[in-house]
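Heads up: the structure comes next, in structure tokens.
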Amino acid sequence: KLKIMTILEIINQIEADKTRQHIFPKNACKIEVIKAAQVMGLNSAKEIIESELTELEKAGKIIIGETLNDNYIKIISI
């Protein structure tokens, strides 16, 4: 059975993959999180995923910051 990952788990997985591959910075980009969630069938609508990210930020679980081309996401508490 395929386990549906939460948005936090997806962000954590992206960070772990980047750390393992020695990619810096290891922060997940918003587009990476959205694409991973869509591939997993978590939510198909980009707006729903963005809304969940905003709620996680309001709850103090993540920080969303700006990059040149996207937004980065960093987990601060789980």
Side-chain angles (χ1 to χ4, degrees):
K1 182 178 173 181
L2 178 65
K3 180 186 177 223
I4 302 295
M5 296 175 77
T6 66
I7 295 292
L8 278 176
E9 289 172 325
I10 290 170
I11 296 166
N12 200 32
Q13 183 64 49
I14 291 169
E15 288 180 351
D17 289 346
K18 287 185 173 187
T19 298
R20 189 172 44 257
Q21 296 173 29
H22 305 289
I23 297 172
F24 183 82
K26 71 174 189 170
N27 300 328
C29 290
K30 187 192 294 186
I31 193 66
E32 293 173 317
V33 175
I34 291 169
K35 284 182 180 180
Q38 289 174 335
V39 165
M40 299 181 73
L42 184 59
N43 290 306
S44 56
K46 176 182 172 188
E47 294 78 18
I48 294 171
I49 299 164
E50 287 178 338
S51 174
E52 286 188 42
L53 289 169
T54 301
E55 290 301 314
L56 288 169
E57 185 177 36
K58 286 180 186 175
K61 298 200 178 280
I62 64 172
I63 294 173
I64 300 175
E66 293 184 17
T67 68
L68 264 150
N69 300 313
D70 197 5
N71 292 87
Y72 71 85
I73 301 164
K74 182 176 181 178
I75 297 177
I76 52 176
S77 84
I78 294 182

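- The shortest side-chain heavy-atom distance between I23 and D17 does not fall under the 4.5 Å cut-off.
- The stretch residues 64-77 participates, sequence neighbours left out, in no salt bridge (charged side-chain N to carboxylate O under 4.0 Å, His left out) pair at all.
- The CD1 atom of I62 sits 12.5 Å away from the CG atom of N12 when rounded to the nearest 0.5 Å.
- Under the 4.5 Å side-chain criterion, counting only non-hydrogen atoms from C-beta, Q38 is in contact with K46.
- The distance from atom OG1 of T6 to atom CE of M40, rounded to the nearest 0.5 Å, is 9.0 Å.
- The side-chain heavy atoms of I10 and Q13, taken from C-beta on, include no pair separated by under 4.5 Å.
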Using a 3.5 Å cut-off and no angle test, enumerate the donor-acceptor pairs between side-chain atoms of residues 28-36 and protein atoms at least two apart in sequence or in another chain.
| from | atom 1 | to | atom 2 | distance (Å) |
| --- | --- | --- | --- | --- |
| E32 | OE1 | K18 | NZ | 3.1 |
| E32 | OE1 | C29 | N | 2.7 |
| E32 | OE2 | K18 | NZ | 3.4 |

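- Once rounded to the nearest 0.5 Å, the distance linking CG of L56 with CD1 of I75 reads 9.0 Å.
- Here the side chain of S51 pairs no donor or acceptor atom with the backbone of E47 at under 3.5 angstrom.
- Smallest separation of non-hydrogen atoms from I73 and E15: O-OE2, 3.7 Å.
- Placement of F24 and I14 in two distinct hydrophobic clusters is found when ILVMFWY residues are connected by side-chain heavy-atom separations under 4.5 Å, directly or transitively.
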